[in-house]
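To find a chain, count down the sequence lines: A is the first, B the second, and so on, and within it residues start at 1.
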Number of protein chains: 2
Amino acid sequence: MEYDLIKRLSQYKKILVKLKTMGFVKVFSDNLSDALGISASLVRKDFAACNLTGKRRGGYQVNELIEKLNILLGKNSEQRVIVVGCGKLGSALMNYRGFDTEQIKIVAGFDTNPQRQNPDGAIPVFPVDQLEAYIREQRIQVAILAVPEEASLQTMERLESYGIRGILNFAQVPMRSSENCNVENVNLALEVEKLFYFVNAQQTRLRIKEQA
Amino acid sequence: MEYDLIKRLSQYKKILVKLKTMGFVKVFSDNLSDALGISASLVRKDFAACNLTGKRRGGYQVNELIEKLNILLGKNSEQRVIVVGCGKLGSALMNYRGFDTEQIKIVAGFDTNPQRQNPDGAIPVFPVDQLEAYIREQRIQVAILAVPEEASLQTMERLESYGIRGILNFAQVPMRSSENCNVENVNLALEVEKLFYFVNAQQTRLRIKEQA
DNA sequence: TAGATTGTTAATCGATTAACAATC
DNA sequence: TAGATTGTTAATCGATTAACAATC
């Protein structure tokens, strides 16, 4: 999975920004490995894979790393995203504060329900039949999908055909990525299930210990 | 990561339930491997690891699998969860439809803001100072954390000290699991970042191709 | 019996870490 | 120069797959 690398790149960047505010000019692979709980080898390997070079004795330049990581992560252009499906979850995501710090900007929402539409809002919400025009005119590449389960497959296919290249999918049914369109599935129920599995497993283990 | 196994167990279960409604009585490892896009060996290995046995010629009993998977995933008792932080995201999660089908029940919310409190709602929202009493009295083990970044660390520590064993964390700062408490971090900004990385990477690749 | 599928062992693969020569 | 840190190669580890003997 190349996914882990991207995740780490993003983590490196966050730490580097913090270090910069603390006055750091250079960092060593050891510093970053400590902060992330991974080996220094992996840090160096990641950097090498991304053509981020350091000096054999002087470590890596913080400024240079941040700048290059921003380019790699596409942070130098604004990251415009639309939200399709503006029910409770969708509209919560439209106002999610966690996006602000990451140059991610929700530019519009779309919903079939006229009561949720509001073309004049701070973040406008349009009817779904304007999706295609909007995506093509504004050259939108990434969408967050928060429609009810029934509509998810059909909506996903429409988004792909309109030229969307990346989808963050909150529908209960996980979707697979296609050649043109990368899909990240966020399955909240599954995450909660994992937690209960661990809680149960832990208690079972304790019970076995007590018996022994 | 044992995480992948749990994820697959949950996926197996979902498929098996569907197959059951279609009248299936038994399944072969081949059927499940096709549905999940993994090898049949892995299916058999997963089942062996969970003491789910089949017959050398007759495959696995669908009913038996579902039942045992439900026990493993803790689905036979109701999975009660509280939501801490009932802003837009938190209250959207309280009403998230995707939990219903998985026996996950949001039993209460907690918020410091009196305007959001509503002890008599369908899902009551209490002041945060009632957290400890509620968790201990109701023996709550799992919490969803959707508080603003400033409050996340402190709230997490409180939850742990009150006996919470699993936390689904929506705060921007990822938290590490401790011995007693398992933390799953949902970092929405990171997910969106991944998508842009792929979109960019794909376009870069195309550009390079064109130049060649 | 012959055929099919499990359960399990060995092989493969990819990701991470350890080690160390190159070099600042 | 001596010492420290990178960049890279070899070793390790874990997860997945392939293969096949056991057996229904």
For [X], check side chain to side chain contact (heavy atoms under 4.5 Å, CB included) against everything at least two apart and list the hits.
X: Lys26(B); value: Phe28(B), Gln61(B)
X: Lys18(B); value: none
X: Arg57(B); value: none
X: Asp30(A); value: Ser33(A), Ala40(A)

May I have the distance from [X] (atom [atom1]) to [N] (atom [atom2]), rounded to whole angstrom?
X: Asp46(A); N: dA15(C); atom1: CG; atom2: P; value: 11 Å
X: Lys7(B); N: dA15(D); atom1: NZ; atom2: C1'; value: 14 Å
X: Ile38(A); N: dC13(D); atom1: CD1; atom2: C1'; value: 16 Å
X: Leu52(B); N: dT8(C); atom1: CG; atom2: P; value: 13 Å
X: Leu42(A); N: dT8(D); atom1: CG; atom2: P; value: 15 Å
X: Asn51(A); N: dG7(D); atom1: CG; atom2: C1'; value: 12 Å
X: Asp4(A); N: dG14(D); atom1: CG; atom2: P; value: 16 Å

If you define the side chain from C-beta out and look only at heavy atoms, does anything of Arg158(B) sit under 4.5 Å from Val128(B)? yes
By nearest nucleotide on DNA chain C, pick out whichever of Ala48(B) and Ser39(A) is the more 5' one.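 Taking each residue's closest nucleotide, the earlier one in sequence belongs to Ala48(B).
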Can a donor-acceptor pair under 3.5 Å be found between the side-chain atoms of Lys45(A) and the base atoms of dT8(D)?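 In this structure, the two groups form no donor-acceptor pair.
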Which residues satisfy the side-chain hydrogen bond (donor to acceptor under 3.5 Å, both in side chains) test with [X], sequence neighbours excluded?
X: Glu132(A); answer: Arg136(A)
X: Tyr134(A); answer: none
X: Gln79(B); answer: Lys75(B)

Give DNA chain D the dot-bracket treatment, 5' to 3': Watson-Crick (N1-N3 with N6-O4 or O6-N4) or G-U (N1-O2, O6-N3) under 3.5 Å, [ ] crossing, | other strand. ..||||||||||||||||||||||
So which protein nitrogen or oxygen atoms get under 3.5 Å of nucleotides 3-6 of chain C's nitrogens or oxygens?
from	atom 1	to	atom 2	distance (Å)
dG3(C)	N2	Arg57(B)	NE	3.2
dG3(C)	N2	Arg57(B)	NH1	2.8
dA4(C)	O4'	Arg57(B)	NE	3.0
dT5(C)	O4'	Arg56(B)	O	3.0
dT5(C)	O2	Arg56(B)	O	2.4
dT6(C)	OP1	Ser29(B)	N	3.0
dT6(C)	OP2	Ser29(B)	OG	2.7
dT6(C)	O2	Arg56(B)	NH1	2.6

Heavy atoms from other residues, nucleotides or ligands near NZ of Lys7(A) exceed 12 (cutoff 6.0 Å): no
